[in-house]
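Since the model is a prediction, treat every value here as computed from it, not as a measurement. Residue numbers begin at 1 in each chain, while the letters A, B, ... track the order of the sequences.
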There are 2 protein chains.
Amino acid sequence: MQRTPIAGRGAAVLDAVVERFILTGDPVGSTRVARLLPERVSSATVRNVMAELEHLGYLEQPHTSAGRKPTRRGYRRYVESLFAQGSYASVDPQPLRSLLQEEPAEIQELLRRACKLLAELSELVGVVSAPPLADTVFQHIDFVPLEGGRVLAIVVARSGQVKNRVVTLREPMSQEQLDRAAHYLVRRFAGRSLRQVARRVAELLTEASLRLAGIEQQAISLGASSLGGDLDETEVMIEGTTSLVTRPEFEAREDLLAVLEIIEQPAELVPALSQEADGDRTRVLIGSEPLPAALGGCSLIMATYGSGGQVLGSVAVLGPTRLPYARAIAVVEAVAVATSALITELGI
Amino acid sequence: MQRTPIAGRGAAVLDAVVERFILTGDPVGSTRVARLLPERVSSATVRNVMAELEHLGYLEQPHTSAGRKPTRRGYRRYVESLFAQGSYASVDPQPLRSLLQEEPAEIQELLRRACKLLAELSELVGVVSAPPLADTVFQHIDFVPLEGGRVLAIVVARSGQVKNRVVTLREPMSQEQLDRAAHYLVRRFAGRSLRQVARRVAELLTEASLRLAGIEQQAISLGASSLGGDLDETEVMIEGTTSLVTRPEFEAREDLLAVLEIIEQPAELVPALSQEADGDRTRVLIGSEPLPAALGGCSLIMATYGSGGQVLGSVAVLGPTRLPYARAIAVVEAVAVATSALITELGI
DNA sequence: ATTAGCACTCTCCCCCGCGGAGTGCTAAGC
DNA sequence: GCTTAGCACTCCGCGGGGGAGAGTGCTAAT
């Protein structure tokens with residue numbers, strides 16, 4: 001029974017402290033914990049237990065003669081016990097259905113809604129990473145001539161995601177030639193992932209001068225220019241920043257500033273969101289490692305969404321370390337499931 | 001000489017108070033003003049003048065025996081005198097050139113950069129309203145078939161702006177038919193504004209069943225579905241929120257919250273940005289009327305950008321009422337001019 | 001009209017002392 | 001040996017008091 005460093009009463013006390021602290025934000029004293037425990041014990045007993053928990057690094061005191069609050073380690077252990085018992089709150093399915101309501105034109109729109117939903121349901125900051133374009137399926141390409149020998153390339157993924165890029169031609173091409181090139185690319189490559197298409201086109205380009213004839217060569221060249229580069233870039237969207245402002249833990253100006261800066265540079269969350277994105281486990285990052293240093297006082301709860309076994313991106317909520325984990329986890333998982341379902345249905 | 005309610009020494013004192021208050025944020029006392037004035041006067045004299053300025057509604061006292069700070073009216077009068085003497089700071093042309101540096105693929109990208117520039121140069125919040133799609137020139141349209149008899153319509157403006165919409169077909173069409181329809185629309189309507197195209201297509205749709213043959217009818221119908229609706233919607237982008245957080249005037253939680261809420265709903269600024277957008281005068285709104293009520297403590301400095309005499313949108317900075325107007329005005333005007341120039345060059 | 005002088009007002013800040021909450025320890029009880 | 005009642009101690013937070021400083025309005029003199 002001693003597998004975990006703490007067990008039985010110790011665990012109960014820790015959970016009580018964490019939950020109470022999450023609720024009120026004030027350090028929790030021994031008498032309060034004694035009242036909170038199901039078992040009838042005296043505050044003195046609780047004090048002994050708490051002293052030990054502090055020694056083990058699960059609790060800390062802001063100062064002598066204040067109550068205790070959880071350390072990161074304490075939160076971690078609490079969250080793990082949440083997962084272990086597997087029973088966290090359930091989420092009202094109504095808003096999730098509204099996510100599915102009217103069909104979004106593109107996946108971006110769908111993800112934006114999911115992000116708002118995360119923020120609203122959790123009353124925290126919603127974070128969603130979009131699938132890198134490289135992972136979407138090539139459906140269509142179109143070239144629109146601009147002035148000055150430049151061409152606007154429009155790449156359409158099956159998900160409805162659209163990418164534009166301006167390409168400069170080495171020699172002028174007519175609208176008809178452009179159309180033929182586009183048709184050629186679609187005929188030949190539609191249905192593969194953009195990553196595959198980009199790789200293949202790049203390969204062909206090196207051989208092209210030898211074996212391919214006029215229009216094909218032009219098509220390949222155009223395709224290479226249109227698909228080169230930033231296909232792997234991950235877009236991150238964020239909603240619900242305002243909910244943080246009123247939080248007492250961000251009373252210190254600098255802390256709030258740090259979070260808001262992240263929000264202006266959401267890309268800083270990419271490492272945290274993708275590095276941890278394996279399989280279907282919900283992850284909880286408690287103010288450390290893959291999170292930017294400025295978010296020391298924050299936690300991120302994330303899950304992945306995808307289609308047909310492939311992970312496409314992450315949904316997450318971000319908030320102060322002192323956040324209602326049970327609810328947050330439930331919200332994140334519910335949104336992840338709904339998003340996956342919708343994407344699978346619409347195709348990616 | 002008594003055209004304005006105040007003149008001569010009164011004006012000098014008011015300007016001194018406003019400038020000093022903008023600089024430090026503390027109410028300004030009579031001795032300080034006396035030192036600031038070019039003319040050598042005693043603090044007692046200044047006191048008399050200040051008492052009168054307060055009576056006229058240009059200054060106010062936070063409490064007896066504090067210095068004075070400007071009222072809205074005071075700011076207004078100060079700003080007008082700035083315009084009257086017409087000499088405000090000049091702006092470092094270097095960053096503006098970087099705006100023109102590498103050519104943006106679409107106008108949205110250009111405006112985003114302009115917005116960031118506004119924020120950086122002014123150290124306030126940058127605000128830019130994009131031209132409504134209706135005002136852009138129709139260049140190209142393309143239809144991509146999706147599953148389930150739905151079609152993704154991609155409308156391209158000459159500016160490079162792209163709009164997507166999913167359209168549901170009443171009867172299935174082949175890729176070839178879709179291409180023919182797209183070609184028809186481009187041949188017939190390219191070069192007109194989207195607003196004109198939308199109107200014309202809608203007109204034709206009502207007559208179409210009588211006079212037009214198969215493919216034309218289909219094309220018109222598709223065009224109408226693709227262009228209907230929200231063409232007049234104005235997109236507003238915002239950058240540099242974080243610069244407000246550290247500002248002492250937003251120490252009160254609620255004030256900061258109000259501003260951040262606006263930033264999550266930038267559309268609330270549309271009335272202020274468009275209602276005031278006539279001609280080429282730079283406008284200064286000081287925490288009132290067309291601004292949302294929550295921005296009572298803020299000012300907006302805005303100018304319009306455009307091409308060939310046509311106003312396309314606005315660039316602006318937003319900050320607390322106590323902001324460095326001379327600099328802000330200079331920045332806004334410089335960015336407006338640069339943006340107009342670039343848009344004119346690239347075509348809209 | 002301007003200014004020196006003066007009494008008055010109000011804020012800000014520091015300091016002090018107190019009550020309350022919570023702890024750790026000890027000794028007694030089961 | 002674990003639990004618990006009792007107790008002394010610590011430390012934060014809060015409200016009041018007092019002084020310094022900044023600024024004002026008024027009056028009287030120039």
For [X] and [N], give me the distance from atom [atom1] to atom [atom2], rounded to whole Å.
{"X": "B/R47", "N": "D/dT27", "atom1": "CZ", "atom2": "P", "answer": "14 Å"}
{"X": "B/E52", "N": "D/dG25", "atom1": "CD", "atom2": "P", "answer": "13 Å"}
{"X": "A/M50", "N": "C/dA21", "atom1": "CE", "atom2": "P", "answer": "16 Å"}
{"X": "B/F21", "N": "D/dG23", "atom1": "CZ", "atom2": "C1'", "answer": "16 Å"}
{"X": "A/R35", "N": "C/dG22", "atom1": "CZ", "atom2": "C1'", "answer": "13 Å"}
{"X": "B/R32", "N": "D/dA22", "atom1": "CZ", "atom2": "C1'", "answer": "11 Å"}
{"X": "B/N48", "N": "C/dT3", "atom1": "CG", "atom2": "P", "answer": "10 Å"}
{"X": "A/D26", "N": "D/dC11", "atom1": "CG", "atom2": "C1'", "answer": "16 Å"}

A/S30 side chain near C/dT23 phosphate (N/O to OP1/OP2, under 4.0 Å): yes
Contact under 4.0 Å: A/R9 side-chain N or O vs D/dT3 OP1/OP2: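 Answer yes for this pair, as a side-chain N or O of A/R9 is under 4.0 Å from OP1 or OP2.
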Backbone N/O of B/V33 and side chain of B/R20: donor-acceptor pair under 3.5 Å: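 Checked: no pair found.
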B/T304 side chain vs B/S314 backbone, donor-acceptor pair below 3.5 Å: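 Side chain of B/T304 to backbone of B/S314: no pair is present.
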Distance-minimising heavy-atom pair for B/A66 and B/Q61: O-NE2, 3.2 Å
Heavy-atom side-chain proximity of A/I301 to A/L124 below 4.5 angstrom: no
A/I22 side chain reached by A/Y78 side chain, heavy atoms, under 4.5 Å: yes
Sub-4.0 Å heavy-atom contacts from residues 61-69 of chain B onto DNA chain D, ordered by number: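 Heavy-atom cutoff 4.0 Å gives B/Q61, B/S65, B/A66, B/G67, B/R68.
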Closest to side chain of B/A44, choosing from C/dT2, C/dA4, D/dG25: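 Of all the options, the side chain of B/A44 is nearest to C/dA4.
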Closest to side chain of A/V41, choosing from C/dG22, D/dG25, D/dT4: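 For the A/V41 side chain, the nearest candidate turns out to be D/dT4.
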Which residue lies more 5' along DNA chain C, comparing B/S43 with A/T31 via nearest heavy atoms: B/S43
From CE (A/M50) to OH (A/Y58), nearest 0.5 Å: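 Rounded to the nearest 0.5 Å, the CE-OH separation comes to 15.5 Å.
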Atom CD of A/E123: over 12 foreign heavy atoms under 6.0 Å: no
